[in-house]
Amino acid sequence: MINITLPDGSVKQFPEGVTSHEIALSISEGLARNVLAAKVNDTVWDSNRPITEDAKVQLLTWNDDLGKNAFWHSSAHLLAEALEEVFPGIKFGIGPPVENGFYYDVDLGDRTFSQDDFAKVEQKMLELARNKSEFKRREVSKAEAEKYFTEKGDEYKLDLIKDLEDGSITFYEQGNFVDLCRGPHIPNTGFIKAAKLMNVAGAYWRGDESKKQLTRIYGVTFPKQKELTEYLERLEEAKKRDHRKLGKEMELFAFSEKVGMGLPLWLPKGTLLRERLEQFMRKAQVKAGYQPVVTPHIASKELYVTSGHYEKYGADSFQPIKTPNEGEEFFLKPMNCPHHCEIYKTRPRSYKELPVRLAEFGTVYRYEQSGELHGLTRVRGFTQDDAHIFCRPDQVKEEFIKVIDLVLYVFKALGFEDYTAQISLRDPDNKAKYIGSDEAWEKAESAIIEAAAEKGLTTVTELGEAAFYGPKLDFMVRDALGRKWQLGTIQVDYNLPERFQLEYIGADNAKHRPVMIHRAPFGSLERFVAVLIEHCGGNFPLWLSPEQFSILPISEKYHDFAQQVYDLLAEMDIRGFVDNRDEKIGRKIRDAEVRKVPYMLIVGEKEQEENAVSVRRHGEGDLGSMKVDAFIQLFQSKITEILNN
RNA sequence: GCCUCCAUAGCUCAGCUGGUAGAGCAACUGACUUGUAAUCAGUAGGUCGUUGGUUCGAUUCCGACUGGGGGCUCCA
């Protein structure tokens, strides 16, 4: 008998060779039906693999990420089996589970695979799933493995086997399909009740551009048809919120072939939104002791030679702007830091005036690969809400805390409630690849950790993720659909102060090197607006909304009164418009609803008599009639509610 | 950049296997003067992304270019 420890700490005795399926069965039959795999002493095992020693066992179902992984990994094998039946002679690369499903990389030879083939393969998958073929694990020798795939003629699997150690190789077999695989897998294919292929894409063998490009087939499967339906509905919802679609519909921004790819044009309404965000940040920054600066969009090559960016990015970036003077070259600025360093250097600095915080909404240009461009989230010209803090080493922690406060204030005002912070530290085993002294790094790293802890942030720490020039803290927010986005960033930089020979005179009358902190709570206005659009589905917070109200006169007779109300609201800095088209009120309401206007103010005979407006809130409906003053008060209270705490 | 799919009116899209195009919405004109999610009628609008080729003939087939979507890191 062996002892099995379950997650609740209880210990049960089972005969040697018990499987986790049998353990589940001893708890309940329903559980046994749902167990996909099991974590046995920190390794995930097949649920039908015999356990021969005392072990800690955690049963995994569809509700566990690891359970899903096993499920989707098994689905990849099922896909491969189906593909092999449909396309005999097909060769296979790798087929892992991913965040939402799985894929398999295949080499189809001369054949092609397109959306038209999806249905056929999906059907074949379900047909094979119904056979309830068991996933059978088998340990094989390296020679045996090589023999099998040599005979099959699959050079990709042979390439994989080459790097594996003899004795550690396993095969999995289900139905007529055998794959080189470490596992684990679900008990049999019958668990897979719904399958959908999502898309095809090219992917280099082993991610190496010089190797052959395979066809990557993405799919997703579920243990219930209903879950597939729900998943597809979620995708639909995400599509509806796509910032590229809403940006066009709401006339926020546009692209033009003539202007060039990745270069967004901000339309009037989008500009209003963007300027509101800038205004908001400016105000918060002034309060936090930042000094706004402005720097040019181009700079002499020398600046980037000094900063080191020329050497690192020069060849892959926008190429220099030449002048009539021979040898004179200017670059579009790809970042603001070097300019700010030069501002810092305009005069000697005393320790007493540090920290110096220089802020700029700096528009920068980076030549991103054409395939990397995506809506507003990845563009070639964008504006950072940039600032650089030059401070003494002993001020790093305090400055970090202040920046975190600022970032949290921004998130709160914009309705991002679910966020985590990632602390990126250097790789402790490879300190040589980082610039800056050991002492400085340790100080800065502990300053970041302490600052994050003091602010009560939920953090993930990643070793080796720091930039070569310093550790950093990144904020990841989760939007309304649960998708993760990286927004604000705070980075310590030891590199530029060194390269630019920045210094300050300390109390000891000696020269010291300041620490530079680079931070951007939004990241870039473009990216932030994109994330914001998707987060709120185009229903912006009231204070940001480009059109905060629309006045809808019942008929032409009330146009004058409508204009009076409009003037009053405009006076109070409330933005909106009068819809004086020759349309019925129902039509005007519908159009305003579609345009996502937060407040609709209906004016007719009654309202005119009482100097009132009938208020309708977007998505909520009629709020009844109120005096114009009362509406202004209601409106302003809604705004201060968000911005002042 | 590479793979793959795509490109028709301002927008969303239809147009079977080659014979120069159609709908809805928007726009414009007129009628209606309207009470909480689409009033009715009419008008106008397209070198079918650009450019070569095949063909008697190309929006349709082939190539190139431009732009767009998806993917190119996550252990067999």
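Residue numbers begin at 1 in each chain, while the letters A, B, ... track the order of the sequences.
The shortest distance between the side-chain N/O atoms of A:Tyr103 and the OP1/OP2 oxygens of B:rC74 is below 4.0 Å. Between A:Tyr218 and B:rU4 there is no side-chain N or O to OP1 or OP2 distance below 4.0 Å. Between A:Arg244 and B:rG69 there is a side-chain N or O to OP1 or OP2 distance below 4.0 Å. Under 4.0 angstrom from either OP1 or OP2 of B:rC11 there lies no side-chain N or O belonging to A:Lys245. A:His73 has no side-chain polar atom (N or O) that falls below the 4.0 Å cut-off from OP1 or OP2 of B:rC75. Residue A:Lys248 places at least one side-chain N or O under 4.0 Å from the OP1 or OP2 atom of B:rU12. Remark: A:Arg587 is in phosphate contact with B:rU39, judged by side-chain N or O atoms under 4.0 Å from OP1 or OP2.
Annotation: B:rC3 and B:rU8 have their P atoms spaced 24 Å apart (nearest Å). Across B:rC25 and B:rC48, the matching P atoms stand 25 Å from one another, rounded to whole Å. Remark: the separation of the P atoms in B:rA26 and B:rU20 is 31 Å, to the nearest Å. When the P atom is used for both B:rG53 and B:rG71, the distance is 38 Å, rounded to whole Å. For the C1' atoms, the distance linking B:rG67 with B:rU51 amounts to 15 Å, nearest Å. Across B:rU33 and B:rG46, the matching C1' atoms stand 37 Å from one another, rounded to whole Å. The same atom, P, is picked in B:rC74 and in B:rC16; the two are 41 Å apart, to the nearest Å. The same atom, P, is picked in B:rA9 and in B:rC56; the two are 31 Å apart, to the nearest Å.
Judged by distance alone, with hydrogens and angles left aside, A:Arg216 brings no side-chain donor or acceptor close enough to the base of B:rC72 to form a pair under 3.5 Å. With hydrogens and angles ignored, a donor-acceptor pair closer than 3.5 Å exists between the side chain of A:Arg590 and the base of B:rA38. Residue-to-nucleotide contacts include a donor-acceptor pair under 3.5 Å from the side chain of A:Arg616 to the base of B:rA37. Residue-to-nucleotide contacts include a donor-acceptor pair under 3.5 Å from the side chain of A:Glu556 to the base of B:rU33. A donor and an acceptor atom never sit less than 3.5 Å apart when one is taken from the side chain of A:Thr215 and the other from the base of B:rU4.
Within the 3.5 Å criterion, the main-chain N or O of A:Asp427 finds a donor-acceptor partner in the side chain of A:Tyr434. Within the 3.5 Å criterion, the main-chain N or O of A:Leu373 finds no donor-acceptor partner in the side chain of A:Glu368.
Using a cut-off of 4.0 Å between Lys/Arg side-chain N and Asp/Glu carboxylate O, A:Lys162 and A:Asp159 are scored as salt-bridged.
Applying the Watson-Crick and G-U wobble criteria (two distances, each under 3.5 Å), B:rG18 pairs with nothing in any strand. Across all strands shown, B:rG30 forms a Watson-Crick or G-U wobble pair with B:rC40, both key distances being under 3.5 Å. The partner of B:rC65 is B:rG49, by the rule that a Watson-Crick or G-U pair needs both atom distances under 3.5 Å. Across every strand in view, B:rU73 sits unpaired, with no contact that passes the Watson-Crick or G-U test at under 3.5 angstrom. Judged by Watson-Crick or G-U wobble contacts below 3.5 Å, the nucleotide B:rC25 has B:rG10 as its partner.
At the heavy-atom level, A:Thr170 lies nowhere under 4.0 Å from the strands shown. Across all strands shown, A:Ile589 has heavy atoms under 4.0 Å from base atoms, whether or not it also approaches the sugar-phosphate. The residue A:Gly371 sits close to a base: some heavy atom pair falls under 4.0 Å. Among the protein residues, A:Lys557 comes within range of the sugar-phosphate backbone only, with heavy atoms under 4.0 Å from sugar or phosphate atoms but none that close to a base. At the heavy-atom level, A:Ile554 lies under 4.0 Å from base atoms of the strands shown. Here A:Asp582 lies in heavy-atom contact (under 4.0 Å) with a base.
In this structure, the side chains of A:Leu252 and A:Trp266 stay at 4.5 Å or more apart for every pair of heavy atoms. Side-chain contact between A:Val220 and A:Tyr231: present, with at least one pair of heavy atoms (C-beta onward) separated by less than 4.5 Å.
Closest contact between the side chain of A:Glu257 and the listed nucleotides B:rG67, B:rU34, B:rG35 involves B:rG67. If you check B:rA37, B:rU39, B:rU34 against the side chain of A:Glu583, the one that comes closest is B:rU39.
Summary of the strand contacts: A:Arg206 and A:Lys584 both lie near RNA chain B, and taking for each the nucleotide with the nearest heavy atom, the more 5' one is attributed to A:Lys584. Residue A:Glu607 is the one, among A:Glu607 and A:Gly95, whose nearest nucleotide of RNA chain B lies closer to the 5' end (criterion: closest heavy atom).
Rounded to whole Å, atom C1' of B:rC75 lies 14 Å from atom CG of A:Asp159. Following rounding to the nearest Å, A:Glu251 (CD) and B:rG10 (C1') show an atom-to-atom distance of 10 Å. B:rC11 atom P lies 18 Å from atom CE of A:Met250, rounded to whole Å. Atom CD1 in A:Ile602 sits roughly 11 Å away from atom C1' in B:rA37 (whole-Å rounding). Whole-Å rounding puts the A:Leu373 CG to B:rC2 C1' distance at 15 Å. Atom CE in A:Met261 sits roughly 18 Å away from atom P in B:rA7 (whole-Å rounding). Between the CG atom of A:Asp242 and the P atom of B:rG68 there is a distance of 14 Å, given to the nearest Å. Regarding A:Asp105, its CG atom lies at a distance of 11 Å from the C1' atom of B:rG71, rounded to whole Å.
There is no side-chain donor-acceptor pair under 3.5 Å between A:Tyr566 and A:Asn580. Side-chain atoms of A:Asp474 and A:Thr489 include a donor-acceptor pair closer than 3.5 Å.
A parallel orientation is assigned to the rings of A:Phe135 and A:His185, their planes being inclined by less than 30° (bins at 30° and 60°). Between A:His243 and A:Phe253, the ring-plane angle classifies as tilted under the 30° and 60° cut-offs.
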